[in-house]
Amino acid sequence: MVLLIMKIGGFYKFKKLFFGGIGLFLLSCQAPEPEKGPFFANGIKNGWADQNSIVLWTRLTQNKLAHFKGHPFVEISRDKMKSLSQNRDIEGIYNTQIPQGLSLKDMEGYCPGAPGEVQLHYFVKGHPEETVVTDWTAVNPDKDFTHQWKLEQLQAGKNYRVKIYARPQKGQEVSDSIFGQFLLPVDQNTAKDIKFCVVSCHDYNRRDDLENGHKIYPSMSQLHPDFYVHTGDIEYMDKPLPYAMTEELMRFKWNRLFALPFQRSFYNDHTSYFMKDDHDVGFDDSYPGKDFGTVSFERGLEIFDEEQFPSYSKRYKTIRWGKDLQIWIVEGRNYRNQNYLKDGPDKTIWGAAQKQWFFDTVNDSDASFKVLITSSPILGPDRKNKNDNLSNTGYAHEQAEILNFIKKQKNLFIVNGDRHWQYVTNIKDTNLWEFGCGAGADVHAGGWKQEDFRPEHQFLRVKGGFLSVSVSSGKSPSIRFTHHDVEGNPVNEVNF
Ligand SMILES: [Fe+2]
């Protein structure tokens, strides 16, 4: 990549105009405009930030906005979905879910990609005179018109401003531009207060603000987190309207979700770590061999890992956020074997390499607080009939292996998504704590009875919201885990 240094004037003035314009576009959201793109309807996402690097993602679109005023899909029964999936009946998948006479482009949320080129400009906040500018690069039509940059040799602890330009092709004028920003972690010797938010489980159809997306996003913005983690089930391929049993429909659902204003403006502006879970890939509780319609399990992983989100080959990473906090992001789908196997030393969700990496890196860490972030529970409790995560009896062997290690650690806490209720679990007389962040909207909450408060529950709330974690640095550092409702109000707090 050839890099140029140039000055950019009027950056902030333009930003104000640009974001001020988003609200107006929404109010007048109509059928796709015949404007000359390409545009950035899906915004920017970033991922895998550490002290010196980050991955940025964007996608070029035909229109400024998704076609949110399009026709609603037809809801088919779960049995019908299963039979279409089993038979890989492509014609049936479309004909049953799209009204007769219409096609996908007429449907609610359609947000087609567009060919074109993108150019990235970025600089440390306050230093626009040192803007780094990349070469123009074509987006990849084979990857849904997306492009990613891996930025390296960045400065720890700095806030970076980002602007991306689009043009149809070489020699043509810029058709659109978009702003973003991210913050990088300080190094392990620097004491700094840190706050981050954790979210799980939401989808387009269960958004709680019909115009804008999910309320948790503006609520989290108000807390000014240093970073944000989505533990997965970001969208549900195996839920109706439509059941995404083809690659095209999976992309349709990703494009529609990322075009929501709340999602888009939050992701543009916050350092993020995107994890994935079963519904992002295909079918409920998915594992190798469990394909969804025409999309194989492996292809579902690939669309998430390599196309729709910032890429990172291992999908697990530990990041030091200063002297007092280190987080571990673990991968729960790529390395697992089949759920139906008999439990034993070889049955795994994490895989041997990831497990060893976790043990080694925790042993090497001198952070005051260690937070393991996992897409699904390790402690639970979970429902008896489940057989997909480490808290289920079918994974007792690997659960014991990991918990026996965690028991020996000081100040290591588990934070998880997947379950649609908020909870805090502590196993009596142990240092084992698990904080389930719960679903991203009230309408998405369920799966547990509010009155089923078990001895290990320190807190239980069958409603939507998110979790925030705050670390106070200083002579005697502390960590606080706060559950919030969707409006951002605290509903429970645990301090250490
Ligand atoms: Fe979920």
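All values reported here derive from a predicted model rather than from experimental measurement. Indexing begins at 1, ligand by ligand and atom by atom, following the structure's order.
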Taking the six-membered ring for Trp and the full ring for Phe, Tyr or His, determine whether the centres of His444 and Tyr236 are under 6.0 Å apart.
yes
Look at the N, O or S atoms of Cys201, main chain and side chain alike, and state whether any lies under 2.8 Å from the Fe ion (ligand 1).
yes
Other residues, nucleotides, ligands: >12 heavy atoms within 6.0 Å of Lys463 NZ:
no
His420 near the Fe ion (ligand 1) via N/O/S, less than 2.8 Å:
yes
Could you please spell out the steps behind the salt bridge (charged side-chain N to carboxylate O under 4.0 Å, His left out) verdict for Lys215 and Glu487?
CA-CA 7 Å; Lys215 291 178 184 171; Glu487 311 284 351; 3.7 Å; yes
Looking at Asp233, the N, O or S atom sitting nearest the Fe ion (ligand 1) is OD2
Look at Tyr236 and state whether any of its N, O or S atoms is less than 2.8 Å from the Fe ion (ligand 1).
yes
Evaluate ring-ring contact (aromatic ring centres under 6.0 Å, His included) for Trp321 paired with Phe196, printing each intermediate quantity in order.
CA-CA 10 Å; Trp321 275 82; Phe196 66 98; 8.4 Å; no
